[in-house]
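Heads up, the thing below is written out as structure tokens.
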Amino acid sequence: MLVSGTHAGEVEVPAVAFRALRKRFGPKLALESLDLSVPKGSFFGLLGRNGAGKTTTLKMATGLLRPDSGGVWVEGVNVWGNPKEAKTLMGVLPEDLRLFERLSGRELLSYVGRLRGLPLGTIAERSNELLAVLELERSSNQL
């Protein structure tokens, strides 16, 4: 488990920690030796010009892209050492995932429920409730 020190004797696990993170695409070095800790309860943004490595960093943090070296921890869990546990601690909506435009609203809700391991009956019940609250029942099967 990755920890960082706070007050004497106390230990705080960062929400996200990057250690010596490195990624190269052929001759292009996208990220070199990134060390960064994001404390729990904070808001944090990555700013930089195009090609600075922002998207590459986030893809490595979420398990969508393997780093060449270094590591990423989410609440102390190594994203690449224990990806299943790490992914239960995060929510991600990738900018370039085109899956959703091929699913109806009802199919999307079912997909997300199945990803979370919910029983099919629970998925159907919760989907119906959500669609009703949002007044989307009539259009729930449209793409």
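All residue numbers in this chain count up from 1 along the given sequence. Hydrogens, waters and symmetry mates are skipped; everything else that's a heavy atom, side chains included, is used. Just so you know, these numbers come straight off a predicted model, no measurement behind them.
- Within the 4.5 Å cutoff, no side-chain heavy atoms of Val38 are placed close to those of Pro14.
- With hydrogens and angles ignored, the 3.5 Å screen pairs no side-chain donor or acceptor of Ser139 with any backbone N or O of Gln142.
- The OG atom of Ser37 sits 9.5 Å away from atom CZ of Phe44, with the distance rounded to the nearest 0.5 Å.
- In terms of modelled atom types and a separation under 3.5 Å, the side chain of Lys59 and the main chain of Arg66 share no donor-acceptor contact.
- Residue pairs meeting the side-chain hydrogen bond (donor to acceptor under 3.5 Å, both in side chains) criterion with at least one member in residues 80-93, sequence neighbours excluded, are Asn82-Glu85.
- Interatomic distance, CD of Glu32 versus OG of Ser69, reported as 9.0 Å (0.5 Å rounding).
- At a threshold of 4.5 Å between non-hydrogen side-chain atoms, the residues Met90 and Val79 count as touching.
- Judged by distance alone, the side chain of Ser110 and the main-chain N or O of Arg106 form no donor-acceptor pair under 3.5 Å.
- Between the CG atom in Leu130 and the CG atom in Leu136 there is a gap of 8.0 Å [rounded to 0.5 Å].
- Tyr111 and Leu134 sit in two unconnected hydrophobic clusters of ILVMFWY residues. Membership requires side-chain heavy atoms under 4.5 Å apart, directly or through other members.
- Exactly one of Leu31, Thr57, Asp35 qualifies for a side chain to side chain contact (heavy atoms under 4.5 Å, CB included) with Phe18. That residue is Thr57.
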### Message
Walk me through whether Thr56 and Phe25 qualify under side chain to side chain contact (heavy atoms under 4.5 Å, CB included).
### Response
CA-CA 10 Å; Thr56 298; Phe25 297 99; 3.8 Å; yes
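- No side-chain heavy atom of Val133 sits under 4.5 Å from any side-chain heavy atom of Glu129.
- Of the inter-residue distances, the one linking Met60 atom CE with Leu21 atom CG reads 4.0 Å to the nearest 0.5 angstrom.
- Taken to the nearest 0.5 Å, the CG atom of Leu109 stands 10.0 Å off from the CG atom of Leu103.
- Checked against salt bridge (charged side-chain N to carboxylate O under 4.0 Å, His left out), Glu137 has no partners two or more places apart in sequence or in another chain.
- Considering Lys23, Arg24, Arg22 as possible partners of Asp68, the one that fulfils the salt bridge (Lys or Arg N to Asp or Glu O under 4.0 Å) test is Lys23.
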Below 3.5 Å, can you tabulate the donor-acceptor pairs from side chains in residues 113-123 to any protein atom, sequence neighbours excluded?
none

